[in-house]
Amino acid sequence: VLSGAAFTNSADYYRFLPSFSLDYQYDQQNQVYYNVTSNIRVPAVASIYGNQSLGQQNPETTLNQEIGWRYTTPELLLSAAVFYDQFKNRQVSFTSLGTTSYLNAGKVATQGLELSANGKLPHNFNYRGAWTYVKAEQDEDYTQNGVVADTKGKQLFNTPKNLASAGIGYDDGRFYSNLLARYTGSFYGD
């Protein structure tokens with residue numbers, strides 16, 4: 001706008017997004033469930049109107065599947081789930097010299113495990129903890145402007161294998177506080 005040059009780029013994205021969920025309440029405390037959903041993530045505005053030196057970005061699409069178990073009492077919530085996600089045109093962002101850029105990394109299969117525990121403690125205190133293991137493997141080599149990078153079978157850029165969090169909180173109905181620690185494992189980046 002300040003330079004007097006007008007933006008001429010535009011993009012429209014459409015996709016039918018079906019989903020299916022099924023759960024079974026075994027008893028008052030135990031539930032098992034299965035979900036399958038499809039999603040779309042359109043490119044960031046900056047990749048449509050900004051620098052397109054990395055090429056035109058396509059929308060990321062996924063088919064997500066999750067099967068899990070929940071155990072619930074008035075004092076405790078435990079959950080465990082395994083997931084499998086199939087990405088096409090997986091979007092990855094990176095920052096170089098203060099500028100964020102976006103690219104499509106191709107097909108990626110992501111699978112993993114999530115475990116969590118939440119509960120109440122005496123005197124209005126509560127706790128929470130969670131751990132996630134992620135295996136995000138590229139199904140094809142990354143190709144851009146005729147250059148091919150050997151990425152097939154490797155961990156997806158900027159995606160840690162381990163994530164964890166633990167916290168303690170206080171909630172008396174009038175006052176709420178929370179102290180949370182998070183851990184992000186090492187990840188590939190170049």
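- Ile168 and Leu76 fall within a single hydrophobic cluster, where Ile, Leu, Val, Met, Phe, Trp and Tyr side chains are chained together by heavy-atom contacts under 4.5 Å.
- Formation of a donor-acceptor pair under 3.5 Å by the Thr72 side chain with backbone atoms of Leu78 is not found in this model.
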Asn178 vs Arg128, side chain to side chain contact (heavy atoms under 4.5 Å, CB included): CA-CA, chis, key distance, verdict: CA-CA 10 Å; Asn178 190 29; Arg128 67 188 57 168; 3.9 Å; yes
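- A donor-acceptor pair under 3.5 Å is absent between the side-chain atoms of Asp23 and the main chain of Tyr33, judged by distance alone.
- Distance alone, capped at 3.5 Å, places no donor-acceptor pair between the Asp171 side chain and the Tyr176 backbone.
- No chain of hydrophobic side-chain contacts below 4.5 Å, direct or via other Ile, Leu, Val, Met, Phe, Trp or Tyr residues, connects Trp131 to Tyr71.
- Taking every heavy atom of both residues into account, Val134 and Pro160 meet most closely at CB-O, 3.8 Å.
- Note on Trp69: it does not cluster hydrophobically with Phe83, by side-chain heavy-atom contacts below 4.5 Å among ILVMFWY residues.
- In this structure, Asn58 contributes its side chain and Asn89 its backbone to no donor-acceptor pair below 3.5 Å.
- Residue Lys88 holds its NZ atom at 10.5 Å from CD of Glu140, rounded to the nearest 0.5 Å.
- A single hydrophobic cluster is seen to contain both Val82 and Tyr133, as judged by linkage of ILVMFWY side chains at heavy-atom distances under 4.5 Å, directly or through other members.
- Val36 is not connected to Tyr24 by any chain of hydrophobic side-chain contacts under 4.5 Å among Ile, Leu, Val, Met, Phe, Trp and Tyr, and they are in different clusters.
- Summarising the geometry of Ser79 relative to Ser116, their closest heavy-atom pair is OG-OG, 2.6 Å, with the distance given to 0.1 Å.
- Smallest separation of non-hydrogen atoms from Pro59 and Pro43: CA-CD, 3.9 Å.
- Checking side-chain atoms of Thr37 against main-chain N and O of Ser19 turns up no donor-acceptor pair under 3.5 Å.
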Derivation of the side chain to side chain contact (heavy atoms under 4.5 Å, CB included) call for Asn126 and Asn118: CA-CA 7 Å; Asn126 56 64; Asn118 300 280; over 6 Å; no
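- Rounding to the nearest 0.5 Å places CZ of Phe187 at 14.0 Å from NZ of Lys161.
- Expressed to the nearest 0.5 Å, how far OH of Tyr84 lies from NZ of Lys135 amounts to 10.0 Å.
- Among residues two or more places apart in sequence or in another chain, the ring pair (Phe, Tyr, Trp, His ring centres under 6.0 Å) test is passed with Tyr170 by Phe125.
- To the nearest 0.5 Å, atom OH of residue Tyr34 and atom OG of residue Ser21 are 9.5 Å apart.
- Annotation for Ser165 and Leu180: closest pair CB-CD1, 4.3 Å, computed over non-hydrogen atoms.
- Contact detail for Asp141 and Thr151: the closest heavy-atom pair is OD1-N, 3.1 Å.
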CA sep, side-chain torsions, deciding dist, call: Tyr26, Val32, side chain to side chain contact (heavy atoms under 4.5 Å, CB included): CA-CA 8 Å; Tyr26 177 73; Val32 292; over 6 Å; no
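- Only one option out of Lys107, Glu60, Arg41, Gln138 pairs with Phe87 in a side chain to side chain contact (heavy atoms under 4.5 Å, CB included); it is Glu60.
- Atom CG of Asp85 is separated from atom CG of Asn64 by 4.0 Å, given to the nearest 0.5 angstrom.
- Considering CG of Leu156 and CZ of Arg90, their distance stands at 5.5 Å, rounded to 0.5 Å.
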Can you check side chain to side chain contact (heavy atoms under 4.5 Å, CB included) on Gln91 and Asn104, steps first, answer last? CA-CA 5 Å; Gln91 290 182 21; Asn104 287 119; 4.0 Å; yes
